[in-house]
Amino acid sequence: METILIPSQGSLTNYRDLLLTQDVMAIDTETTGLDVFTSQLRLLQIATYNSPVFVIDLFKVSIEDQQIIKKIMKLNNTKIFQNAKFDLKFLYHNGYTVEGILFDTMIAGQLLRSNSGPYRVNLAELSKFYLGKELNKEEQKSDFSGELTNSQLQYAAKDAHILLELREAMQSDLRKAKLEKIAAIEFSCIYAIADMELTGMKIDEQLLSAYTLQIKKQVQQYHETLDSFVINKVVQQTFFGIEQSHSINFNSQKQILTLLNENDIFIDDTSQASLASYANHPLIIALKNYRKAYKLYGSFLQPLPKDINNLTGRIHASYSQIGASSGRMSCRKPNMQQVPRDKKFREMFVPDKGNCFIIADYSQVELRIAAEIANDPRMIKAYKDNKDLHKLTASLITNSPISEITKEQRQSAKAVNFGLIFGMGSRGLMNYSKDTYGINITLEQADQFRNEYFKAYTGIKKWHNNFKSNPPTSAKSITGRRYFYRDTTGFSSFCNTPVQGSAADILKIALGNLYKKIKDSNVHIVAVIHDEIIIECKEEIAKQTKKTLQNVMENAGISFLSNVPLVADIEIASNWAEK
DNA sequence: TCAGTTCGCGCG
DNA sequence: AAAGCGCGCGAACTGA
């Protein structure tokens with residue numbers, strides 16, 4: 001492997017034509033740290049098939065060469081990265097716009113991962129597994145902020161160079177496994193995700209601190225209420241000796257259980273399901289209130305300030321593109337996918353001045369997909385006719401006309417639809433009804449519900465029966481994403497995984513297509529929550545952007561769903577709560 | 001003492 | 001035979 005160090009061994013201007021005519025290039029970067037806002041982009045390595053690897057020191061590169069790099073990055077060719085999101089964020093943040101078709105070896109590794117495949121998808125592991133080559137990882141964590149050693153430069157070049165070979169091996173495996181479609185989908189939305197993380201989401205800090213204070217008080221209040229139920233004051237042994245405590249730890253399930261016993265409540269654990277049997281007991285009510293308030297305070301409000309970036313004043317959450325085995329994304333620091341629905345929480349998330357949000361989510365996308373996959377005639381017809389499936393289900397299980405279905409009945413049917421399709425049993429249904437709606441039904445009634453349900457939805461019933469008689473060892477989503485089940489995987493997972501995964505596939509198609517339409521404008525994706533996309537743009541272009549988003553989302557399933565239409569509910573909003 | 005696990009619960 | 005699924009996070013708990 002030959003290398004050319006820029007600028008010490010020459011200028012890119014000497015290789016201009018060569019570089020600008022490459023159909024395929026592998027790209028890697030070295031940075032002084034992991035955080036794009038506080039670290040610097042130091043090295044850019046470009047490997048191609050018919051030239052040495054260019055290792056460019058961006059601290060020292062000339063203006064002319066910077067211009068050439070910009071042109072290279074904008075080439076509409078195939079660009080190979082290992083974890084492209086990381087490099088893309090740094091490149092964009094440093095003024096290098098990247099275009100072209102991506103091939104991400106990390107994402108490919110995750111898609112190809114099987115029972116026999118590598119569990120980890122770092123470059124060394126992929127190289128070992130797909131090429132049988134050991135990669136020295138010694139230099140990976142080295143410091144790239146000062147003078148660079150020869151070996152640092154060599155390893156940097158090697159990391160880019162190996163990607164060319166790796167892509168060939170992985171592409172062939174993707175083809176063999178019929179994973180090319182889903183790979184193209186995953187690759188297409190990396191740009192969107194990188195842009196989303198870089199853009200971040202603004203939070204109104206004054207609202208945050210005011211609300212934090214308010215909930216903190218609430219926690220104290222409920223704590224005092226709980227205190228009043230404590231009969232035997234607890235003596236706590238601490239590291240420093242014995243301390244008389246006037247209270248018990250209400251976060252401790254063990255201590256809570258003791259407290260419940262003292263108040264003549266005898267249950268096995270303190271989960272919501274167990275508490276439900278005593279739903280009207282003042283102690284249980286107090287406990288539920290306390291837990292709710294404490295959860296809001298401890299899990300969301302109190303830790304949130306540390307996730308606000310000092311430099312941008314925004315929240316730049318970190319998404320894991322294939323975070324769930326189903327194919328869904330996951331999100332952390334903070335997890336934007338679990339921000340409470342309470343108005344007070346979501347209204348803290350706001351666009352910049354002069355901007356607005358456009359918030360869109362798919363209407364019942366998983367049920368639509370289940371209808372398609374299970375090929376259920378009644379469900380398909382309902383969706384084709386744009387009927388309300390929840391009302392239909394309510395009508396079927398209560399044996400009353402759709403026109404007489406109450407709001408509450410529809411709401412319950414919603415849970416029934418989701419629960420029963422994904423394998424919930426009668427007992428589960430009974431508990432769910434009790435926990436969620438406070439509706440006490442007997443096991444027999446739940447059983448009756450279930451029977452009526454499957455009498456109505458014959459396709460779903462057949463689909464289920466097939467899993468029962470022939471438990472699968474693997475499965476695929478509508479785009480061909482693969483699932484390999486363990487021996488312990490059960491019936492409900494067979495029902496759920498391909499449906500949840502197909503919904504994720506469709507959302508990712510939408511993301512990829514959306515990015516193509518907005519990349520050259522000042523429109524940015526700021527959050528994605530499973531079936532929901534939030535974008536931020538100037539108020540003046542809100543209406544047309546809304547149209548774009550809606551079209552992209554509703555058309556995303558066209559090549560994979562032939563029997564059910566997709567519907568996106570969409571709103572222009574001045575904060576996240578307005579939906 | 002501390003890393004790893006479990007519970008409970010927020011979201012879809 | 002019976003069975004909703006997928007995450008991340010904080011706090012408590014466990015085990016060596």
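Side chains are part of it too, since the values below use all heavy atoms of this structure and drop only hydrogens, waters and symmetry mates. First the proteins, then the strands, lettered A, B, ... as listed; each starts at 1. It should be emphasised that the depicted structure is a prediction, and the values quoted were computed from it without experimental measurement.
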query = To the nearest Å, how far apart are Phe250(A) CZ and dA11(C) P?
reply = 16 Å
task = May I ask you to test the Trp576(A)-Ile529(A) pair for a side-chain heavy-atom distance under 4.5 Å?
result = yes
Rounded distance (Å) that lies between atom C1' of dG10(C) and atom CG of Asp307(A) = 14 Å
query = Is any side-chain heavy atom of Gln337(A) less than 4.5 Å from a side-chain heavy atom of Met329(A)?
reply = yes
query = Would you call Ile506(A) and Leu561(A) a side-chain contact if the rule is heavy atoms closer than 4.5 Å?
reply = yes
inquiry  = Based on the rotation axes of five pairs at each end, what angle does the helix from dT1(B)-dA16(C) to dG12(B)-dC5(C) bend through, to 10°?
reply    = 20°
ask   = Given dA11(C), is OP1 or OP2 found less than 4.0 Å from the side-chain N or O atoms of Tyr294(A)?
value = yes
query = Who are the ring-ring contact (aromatic ring centres under 6.0 Å, His included) partners of Tyr294(A), not counting sequence neighbours?
reply = Tyr290(A)
ask   = Checking all strands, does Val499(A) fall into the base, sugar-phosphate, or nothing category for heavy-atom contacts under 4.0 angstrom?
value = nothing
query = How many Å lie between NZ on Lys288(A) and C1' on dC9(B), as a whole number?
reply = 12 Å
request  = Would you indicate, yes or no, if dC9(B) has its OP1 or OP2 atom less than 4.0 angstrom from a side-chain nitrogen or oxygen of Arg291(A)?
outcome  = yes
message = So Ile421(A) and Cys495(A), do their side chains get closer than 4.5 Å, heavy atoms only?
response = no
ask   = Any side-chain heavy atom of Arg113(A) sitting closer than 4.5 Å to one from Val121(A)?
value = yes
inquiry  = A cation-pi test, strictly: NZ or CZ of Lys468(A) under 6.0 Å from the centre of the six-membered ring of Phe491(A) and no more than 45 degrees from its axis. Yes or no?
reply    = yes
query = Residues two or more places apart in sequence or in another chain: which of them pass side chain to side chain contact (heavy atoms under 4.5 Å, CB included) with Lys391(A)?
reply = Asp388(A), Ile402(A), Ile405(A), Arg410(A)
Sub-3.5 Å pairs of nitrogen or oxygen atoms, protein against nucleotides 12-16 of chain C:
{"unit_1": "dA12(C)", "atom_1": "OP1", "unit_2": "Asn249(A)", "atom_2": "OD1", "d": "3.3"}
{"unit_1": "dA12(C)", "atom_1": "OP1", "unit_2": "Asn249(A)", "atom_2": "ND2", "d": "2.4"}
{"unit_1": "dC13(C)", "atom_1": "OP1", "unit_2": "Ser252(A)", "atom_2": "OG", "d": "2.6"}

message = Quick check on the 6.0 Å ring-centre criterion: do His316(A) and Phe37(A) meet it?
response = yes
message = One character per nucleotide, please: for nucleotides 2-9 of chain C, 5' to 3', B when the base has a protein heavy atom closer than 4.0 Å, S when only the sugar-phosphate does, - otherwise.
response = -BBBBSBS
ask   = Could Glu444(A) and Arg450(A) be called an ion pair, given the rule that one side-chain N must be under 4.0 Å from one carboxylate O?
value = no
query = Given atom OH of Tyr297(A) and atom P of dG10(B), what is their separation to the nearest angstrom?
reply = 18 Å
query = Please, which pairs that meet salt bridge (Lys or Arg N to Asp or Glu O under 4.0 Å) have at least one residue in residues 503-515 of chain A, sequence neighbours excluded?
reply = Glu186(A)-Lys508(A), Arg481(A)-Asp505(A)
